[in-house]
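What follows is a single structure, written as structure tokens, with notes after it.
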Amino acid sequence: MNFIKRLNEFKKMRVLMILGFVITLFVGFLIGAIVFDRQDGDALNVSKAGELSVLPTTNVEWEFKFICGHIEKQTGRRDITGLTKSEILKLYENADITFMDKDNVKISVYSEEYCEQHYLLVLMEGDMLAVMHTNIDTLRSEQLAVIPINTEGIDEGTLTELAAGKLFDSLSEIDAFIEGIDS
């Protein structure tokens, strides 16, 4: 009988050990869920693990090469924090990353626009001249002003040049040019 009594105590102890293990496991999951509260969309992106990306502390040097031949250098991350080399090249199609490590990135971008030191005067339909200027942040040409003009007295060569776009270094040069062809 002593043997049966010991066997029953052993079974009870085994059940208590299993129950304790299950409770410990449940409490661990509960604490983990509270401490590491994540929504479904907050899952860590392990697909980029090991791939070098731009950190908030990374120094980024930009070199913009414009169609006029001028080069402008800037520093700052712009909108590339967290991006990998391939993602940067996808975002900036005419870019080349000349150097990249965790501390520094050097990016060279070729733009089909003129630099911000120039203004482009373009003849539009309806006898209108548009003053265009490149926005350095977007690397796109923006219209600054539209000027009505009488094209009747302007020679064909000047009209052809204006239709293609005539380059100026300042707005005062554009004013002087327009005054010259208006008279």
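No hydrogens, no waters, no symmetry mates; every other heavy atom, side chains included, goes into these values.
Note on W62 and L55: separate hydrophobic clusters, where clusters join Ile, Leu, Val, Met, Phe, Trp and Tyr whose side-chain heavy atoms are under 4.5 Å apart, directly or indirectly. Grouping the Ile, Leu, Val, Met, Phe, Trp and Tyr side chains by contacts below 4.5 angstrom, directly or via other members, places V146 apart from M132. Criterion: ILVMFWY side-chain heavy atoms under 4.5 Å apart, direct or through other members. Under it, I71 and V109 are not part of a common hydrophobic cluster. In the hydrophobic clustering of this structure, L159 groups with L129; members are Ile, Leu, Val, Met, Phe, Trp, Tyr whose side-chain heavy atoms approach within less than 4.5 Å, directly or through other members.
With a 4.5 Å cut-off on side-chain heavy atoms, N104 and F99 count as touching. Side chains of E72 and E116 form a contact here, defined as non-hydrogen atoms less than 4.5 Å apart. Residues K90 and K85 form no side-chain contact, since every pair of their non-hydrogen atoms from C-beta on lies 4.5 Å or further apart. Looking only at side-chain heavy atoms (C-beta outward), Y119 and L167 stay at 4.5 Å or farther from each other. Counting only heavy atoms from C-beta outward, the side chains of L121 and L162 approach each other to under 4.5 Å. Considering only heavy atoms from C-beta on, L89 comes within 4.5 Å of I97 through its side chain.
K65 and E63 are joined by a salt bridge, as a carboxylate oxygen and a charged side-chain nitrogen come within less than 4.0 angstrom of each other.
Side-chain atoms of D101 come within 3.5 Å of backbone atoms of D103 as a donor-acceptor pair (strictly under, hydrogens ignored). For the pair T134 (side chain) and I136 (backbone), a donor-acceptor distance under 3.5 Å is absent. E173 places a side-chain N or O within 3.5 Å of a backbone atom of D169 that can act as its donor or acceptor partner.
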Output, in order, the C-alpha distance, side-chain angles, deciding distance and verdict of side-chain hydrogen bond (donor to acceptor under 3.5 Å, both in side chains) for S172 and D175.
-> CA-CA 5 Å; S172 59; D175 285 339; over 6 Å; no
Apply side chain to side chain contact (heavy atoms under 4.5 Å, CB included) to F66 and L139, showing your working.
-> CA-CA 9 Å; F66 295 94; L139 298 178; 4.1 Å; yes
H118/H70 under ring-ring contact (aromatic ring centres under 6.0 Å, His included): CA gap, chis, key distance, verdict | CA-CA 10 Å; H118 299 294; H70 289 128; 4.9 Å; yes
Worked verdict on S53 versus L83 for side chain to side chain contact (heavy atoms under 4.5 Å, CB included) = CA-CA 5 Å; S53 63; L83 299 183; 6.0 Å; no
Pair V54-V60, side chain to side chain contact (heavy atoms under 4.5 Å, CB included): steps then yes or no = CA-CA 8 Å; V54 178; V60 181; 4.1 Å; yes
Test log, rule side chain to side chain contact (heavy atoms under 4.5 Å, CB included), inputs I174 and I178 | CA-CA 6 Å; I174 291 175; I178 291 173; 3.7 Å; yes
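Each of D127, L123, I149 was scored for a side-chain contact (heavy atoms from CB on, under 4.5 Å) with I154, with one residue passing: I149.
Rounded to the nearest 0.5 angstrom, I80 CD1 and E87 CD are separated by 11.0 Å. Rounding to the nearest 0.5 Å places CD1 of I107 at 4.5 Å from CD1 of I88. Distance check, rounded to the nearest 0.5 Å: CD1 of I67 to OG of S111 gives 8.0 Å. Separating the NZ atom in K106 from the CD atom in E61 is a distance of 5.0 Å, to the nearest 0.5 Å. Distance check: T160 OG1 to K166 NZ gives 12.5 Å after rounding to the nearest 0.5 Å. Q74 CD to D137 CG: the interatomic distance, rounded to the nearest 0.5 Å, is 7.0 Å.
Of all heavy-atom pairs spanning G165 and V122, the tightest one is CA-CG2, 4.0 Å. Closest of all the heavy-atom pairs between L120 and Y114 is CD1-CE1, 4.0 Å. Closest non-hydrogen pair, M128 versus P148, comes out as SD-CA, 3.5 Å. Looking at every heavy atom in both residues, L52 comes nearest to K102 through CD1-N, 3.9 Å.
In this structure, K73 is not positioned above the aromatic face of F64 in the sense of NZ or CZ being under 6.0 Å from the six-membered ring centre and within 45° of the axis.
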